[in-house]
Every structure is written in structure tokens, then in C-alpha cells.
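Worth knowing before you read on, the calculation uses all heavy atoms, side chains too, and leaves out hydrogens, waters and symmetry mates. The structure displayed is predicted, hence computed values, not measured ones.
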Amino acid sequence: MSSKLSDWFKERLGLDDLPFFRTPDYMYKVDYWLGALVASAFIYTVITGLILLLYYNAQAGYNSTEFVINSVPYGSVVLYSHLYGAYAMIILAYVHMFRNYFAGAYKKPRELLWIIGVIMLVLTLGTAFLGYSLIGDALATSAVDVGEGIISSIPGLSIFIPFLFGNYDAGDYGRVLAWHIIFTALIGLLFIFHFFLAEHYGMMPSRKVKDKIPAVYTKEEWQKFNPWWPRNFVYMMSLVFLTWGFILIIPNALAYLNGLPQQLNPFLNPKPAPPPNSPAAAHITTYPPWFFLFLYKIADFTSDVLAFLFIGVIIPLIYLILVPFLDRTEYLHPLKRKVFIGIGILMITYLIQTTIWGDLTPGVQIPVSQQVLVYLPPAIIVALGLTAIRPRTDNKGNIKGTISPITVLIFVLASSLFVIAGIELLANPTILTVGVFIPLAGVFILTTKKIAPIALKAEQRSENATISEEKVPEWKKKLAEGIVALLFIYAIILAAQIWTIPATGYFSNLFGIDLGLIFLMLGEGISLYHYVIYRK
């Protein structure tokens, strides 16, 4: 971007006067910008959702979905990427939330920012469920049936069923569509509030700079950093295009996969299942959307709906909302918040375990003894592991060794699988159980060797240390300039020929793949531009 064009925008829009966070050099990494990735997925999903509204007829949900896929020009590209835009938003929101959880970003003064984020995640899951139901196929109808059944089981709430779902079992999804739009609007309103709070407090500084609350830069420190315009904008646009590229490429490539195993369908298949009243519907296993598989499995643990809701929804949600007020430690380092770090690791472990379990054995009742066998080993491993880790501290009491919660999470998952495989081997000593146990034992040994040195060794750091970018050799910048030129040339060539792809039919999804490639090249090109212009 030329200096004149940049100055023109800066003057006309008054960008220097905006109270946006000025960013230090070391924060231009993706893990500091996970919120921007979530926002990118949200914006993409809203844009494609508005396009779909032009063609979708809520009074004939399934037939309307088939019309969009088969008759609307590039309709399948828009619909499949709309679906995967929502998937990307859910995954990125979880990653964003747990990254901030382990970093202690819910602590003072960011409590309200955290709570709004948790509410946005709940609304996102609800919006995705309603959107998934709009397809009107056998799986969507089954999912709404389950939702209706849960609400009907709670005394006094059955009167709300027509108000919430309308006459969906007759193919009319007007009420479901209305709630889908209302929930999306609520996310948008909360996003604006969340965004301005995030800009007000700024990104969480590295623990090497500030390891106690309140972890915010002062106004005097802000003035030394990079202004929001244009560097933040350039970096953000690279992330936006890269996110949109993956959202387009993945579902449109998966559309060409046929005959997936049933267990992979909830995760990978963007195509609708058969209509609910067709003979083919009788031959498919009913699954909820993949992001609710963990709830689907928890429903197999008890026949009491209220107990199910408390275990699967209410207790985790209340904990996440209250954690800023429960964790009263002033330190941000994970090893000074062992209880809360342990709970966070177990939440992720149980979420993954239960989702896979729900996918492998949907609708199979699980006795309490088996629940204990699955959930107790991770809890024991986390408790023993965090208790045993006692890293050294310096004279000021600062922890010298560092340990990543992600490393601990991988260790817990590997250890849990190793323990369960060992128990299964002892109970059923067959060639198969031996074949499963040996590689898992190898993974367990490798992860143990990985985590042990982290707890025993240390890297010296200072409480007031500053972080700066390493100077980039000139030859690397020249190489990056050459790659930028090539990427833009390829993007232009692809954009010129993409319109020759048929708008409907079998080959139409190639349009989505090619458009995704163009976005990826633009995103990577802008990222390299940022590297050339702004890195020292």
C-alpha cells in the first residue's frame, strides 16, 4: 500500500484518533490474533447466509436446500462453505477461549470481556444447531426431535415447543430460520461490545513482560508501539483471506468424497442426508451435528434429563462464567494456578473423549462403571502430574521453568489412552489389544520424555524483560518479494479462468476450490508484504 493512499485513508477516517490498541512488534503472531480468526469466520458466514436467504424457502426446508445445491449458480459452493464457516467459527472459538483460559486472560481487568466471550460461544453453538436444522434432512429432523424431547421433558416447558420450532416436522422451518437469524444478530451485537473492550484493554502481554494482574500496557507504553493503521489492518487482512481460503477449499474438496464410513460423516460430509420420510432415511444412523456429539453421549449416561443438563451444560457453563471470580491468584503463570489449569486440561480432554465416544457408539447406554473407567484415569494423571511438577524459582519467586498447557494436554491424552489400552489388554489379551497397546505405550514413553525435561530444566527470564523481533536478513526480504509477485500472478491467472467452471452440477465445486486458492494466495501474499515492509 503506497504511503499516499495510506495517508489519505488515515486523514479521511480519522484513524489516528481511534482508541484502538497499539501493538508491539512481538504480537504479530497468530496466537495473539485468534479473535480475528473467529471474527473472519463469522463475517464470512454472515455474508454467505445473506446470499442463501435470497433463495432459501423455509416452508419447504429440504426441497429448498436441494434447489440451492442443484439449481442456483454456485449454490453448493455458497451452502457448503456457509456450513464450514460455522464449523470454523466453532473450532476457532474453542481454541480462542482455551488459549485465553490458560493464559489467564479472564483475570482483572478482563472479566467482562471473558464473560461476553463465553456467552458468544453458547450463542454460536445454538445458532449452528438451528442452521444445521434448516437443511431439513433426516439428520436435521432427528436433531430437532432430540432438542424438542429435552425441552418437553422439563415440566412446564412443553408449551414453548410450537413457539421455538414451529411445524418443522411438516417441512416448515420458518420458526427455526427466524431464531437462526435472531441468534446471529445477538452474536453480532455482542461482537461489537467484545471488540471494543478488547481494543480498550489491548492484547494480553507476554508473561515475559507482565506476569501479574493487571496485565495491561500503560498509556505511556502504548505510545511506543505500532499504530492500528496501517500495520494491524494489513496483518488482519492476511488472516481474513487465509481463513476464508480454508473455509472454501475444505468443504468443496470434501464434496467429491463418496462412501465415507458412517463415523466420519458427522465431521466431513457437507452434503445433506436423505429426506426424513424417504426409504433411504431408514438405513442411516441418526447423529447430531459433530459439535453436539459430546452432549449426545452424555445423554446416554442417565435417563434423568435434568441430571443430563446439569452434567453436560449448566455446570460447565456456570464454571466458565464464574472462573474470573474463583481464580483469585495474582499470577498468570500456569504453574501458579495449578487447580484451574488442571480443570482446563480435563475440560478439553473430556470434550474430545466424549465427542469421539459419541461418534463411535451413538445412542448406546453406558453403565457407571464404564464411565469411571474412561474419566478417572485423566483426572488421576492430571492431579499427580501437576502435583509432581515443582519447577525452580529465582530470588524474586518467579518461576524459571516454563511448561505449556498444550504439552500437558497431549501428555494427559497419551497417558489416558495408554492406561485404557493396558486395562483392555489385561481384560482381553488378544493380538488386536496387543497391537493397540504397543504403539500407545511408545507414544506414552515419548510424551513422558518430552515433558520431563520441561519440569526439570529452566530458562532464565526477567520479570521486566522486553521482547523484540529478530532482525530479518535482507536476502530473505528479497526472496519474500519474489514470492509475493508470483502469488499475485498466479492469483490473477486463476481469477481469469475460474469463470469457465460450470455454475451448477458435478464440477461446480471446483469454483469453490479455486476461489479458496485465490484467497489463500492473497492472504499469503499480504502476509509476506507485511513481512517485507514492517519487519526490521
Peer 1: Can you tell me how the ring of His194 sits relative to the ring of His96, calling it parallel under 30°, perpendicular over 60° and tilted otherwise?
Peer 2: perpendicular
Peer 1: Just how far is it from atom CG of Leu515 to atom CD1 of Ile249, taken to the nearest 0.5 Å?
Peer 2: 9.0 Å
Peer 1: Check the side chains of Asn167 and Asp172 for a donor-acceptor pair under 3.5 angstrom, ignoring hydrogens and angles.
Peer 2: no
Peer 1: So Asp137 and Pro275, do their side chains get closer than 4.5 Å, heavy atoms only?
Peer 2: no
Peer 1: Calculate, to the nearest 0.5 Å, the distance between atoms CZ and CD1 belonging to Phe294 and Ile352 respectively.
Peer 2: 12.5 Å
Peer 1: Is a side-chain donor-acceptor pair under 3.5 Å present for Asp327 with Tyr106?
Peer 2: yes
Peer 1: Please find the pair of heavy atoms, one from Pro362 and one from Asp300, that lie closest to each other, and give the distance.
Peer 2: C-OD2, 4.4 Å
Peer 1: Answer with yes or no whether the side chains of Thr361 and Lys297 bring together a donor and an acceptor at under 3.5 Å.
Peer 2: yes
Peer 1: Could you walk me through whether Phe308 and Phe301 satisfy the ring-ring contact (aromatic ring centres under 6.0 Å, His included) test, starting with their C-alpha distance in whole Å, then the side-chain angles of each, then the deciding distance to 0.1 Å, before giving a yes or no?
Peer 2: CA-CA 8 Å; Phe308 153 70; Phe301 295 169; 9.4 Å; no
Peer 1: Is a donor on one side and an acceptor on the other found under 3.5 Å between the side chain of Arg337 and the backbone of Phe102?
Peer 2: yes
Peer 1: Supply the atom-to-atom distance Ile247 CD1 to Thr45 OG1, rounded to the nearest 0.5 angstrom.
Peer 2: 5.5 Å
Peer 1: Kindly indicate, with the supporting measurements, whether the criterion side-chain contact (heavy atoms from CB on, under 4.5 Å) is fulfilled by Thr243 and Tyr44.
Peer 2: CA-CA 9 Å; Thr243 305; Tyr44 182 90; over 6 Å; no
Peer 1: Would you please say whether a donor-acceptor pair under 3.5 Å links the side chains of Thr329 and Lys107?
Peer 2: yes
Peer 1: For Gly523, does its backbone N or O pair with a side-chain atom of Ser527 as donor and acceptor, under 3.5 Å?
Peer 2: no
Peer 1: Are side-chain heavy atoms of Glu66 and Ile135 found at a separation under 4.5 Å?
Peer 2: no
Peer 1: Taking C-beta and beyond as the side chain, do Gln370 and Trp357 meet within less than 4.5 Å on heavy atoms?
Peer 2: yes
Peer 1: Specify the closest pair of heavy atoms between Gly312 and Leu295, including all atoms of both residues, with the distance to one decimal.
Peer 2: O-CD2, 3.7 Å
Peer 1: Do Tyr84 and Tyr87 have ring centres separated by under 6.0 Å?
Peer 2: yes
Peer 1: Please walk me through it: do Ile298 and Gln371 pass side-chain contact (heavy atoms from CB on, under 4.5 Å)?
Peer 2: CA-CA 10 Å; Ile298 293 174; Gln371 297 172 33; over 6 Å; no
Peer 1: Is there side-chain contact between Arg99 and Tyr32, with heavy atoms separated by less than 4.5 Å?
Peer 2: yes
Peer 1: Can you see which heavy atom on Tyr56 is nearest to which on Leu134, and at what distance?
Peer 2: OH-O, 2.6 Å
Peer 1: Given side chains that start at C-beta, do those of Trp114 and Tyr101 come closer than 4.5 Å, heavy atoms only?
Peer 2: yes
Peer 1: Would you compute the distance between atom CG of Leu197 and atom CG of Leu190 and round it to the nearest 0.5 angstrom?
Peer 2: 10.5 Å
Peer 1: Are Glu148 and Tyr168 linked by a side-chain donor-acceptor pair shorter than 3.5 Å?
Peer 2: yes
Peer 1: May I ask you to decide if the ring planes of Tyr319 and Phe340 are parallel, tilted or perpendicular, using 30° and 60° as cut-offs?
Peer 2: parallel
Peer 1: With a 4.5 Å cut-off on side-chain heavy atoms, are Leu346 and Pro378 touching?
Peer 2: yes
Peer 1: Using 0.5 Å steps for rounding, measure from the CG atom of Asn265 to the CG atom of Leu257.
Peer 2: 10.5 Å
Peer 1: For Phe193, is the CZ atom crowded, meaning more than 12 foreign heavy atoms sit under 6.0 Å from it?
Peer 2: no
Peer 1: Any side-chain heavy atom of Arg110 sitting closer than 4.5 Å to one from Asn100?
Peer 2: no
Peer 1: Please name the pair of heavy atoms, one in Thr355 and one in Trp290, separated by the smallest distance, quoted to 0.1 Å.
Peer 2: CG2-O, 4.0 Å
Peer 1: Does the side chain of Thr127 come within less than 4.5 Å of Trp179's, by heavy atoms?
Peer 2: no
Peer 1: Regarding Ser64 and Tyr55, do their side chains bring together a donor and an acceptor under 3.5 Å, going by distance alone?
Peer 2: no
Peer 1: I'd like to know whether Tyr256 forms a side-chain contact (heavy atoms from CB on, under 4.5 Å) with Tyr506, so could you lay out the CA-CA distance, the side-chain angles of the two residues, the decisive distance to 0.1 Å, and finally the verdict.
Peer 2: CA-CA 8 Å; Tyr256 290 105; Tyr506 181 80; 3.4 Å; yes
Peer 1: Of all heavy-atom pairs between Lys338 and Thr387, which one has the smallest distance, and what is that distance?
Peer 2: NZ-O, 4.1 Å
Peer 1: Hey, does the side chain of Ser142 reach the backbone of Ala138 with a donor-acceptor pair shorter than 3.5 angstrom?
Peer 2: no
Peer 1: So, taking the atom named OH in Tyr62 and the one named OG in Ser278, what distance separates them when rounded to the nearest 0.5 Å?
Peer 2: 7.0 Å
Peer 1: Measure from the side-chain N and O atoms of Asp304 to the backbone N and O of Ala307, and report whether any donor-acceptor pair falls under 3.5 Å.
Peer 2: yes
Peer 1: Between Thr354 and Tyr296, do the side chains contain a donor N or O and an acceptor N or O under 3.5 Å apart?
Peer 2: no
Peer 1: Which heavy atom in Ser508 sits nearest to a heavy atom in Ser76, and how many Å separate them?
Peer 2: OG-OG, 3.5 Å
Peer 1: Using the side-chain contact (heavy atoms from CB on, under 4.5 Å) rule, take Tyr375 and Thr349 through it: C-alpha gap first, then chi angles, then the decisive distance, then the call.
Peer 2: CA-CA 9 Å; Tyr375 293 121; Thr349 306; over 6 Å; no
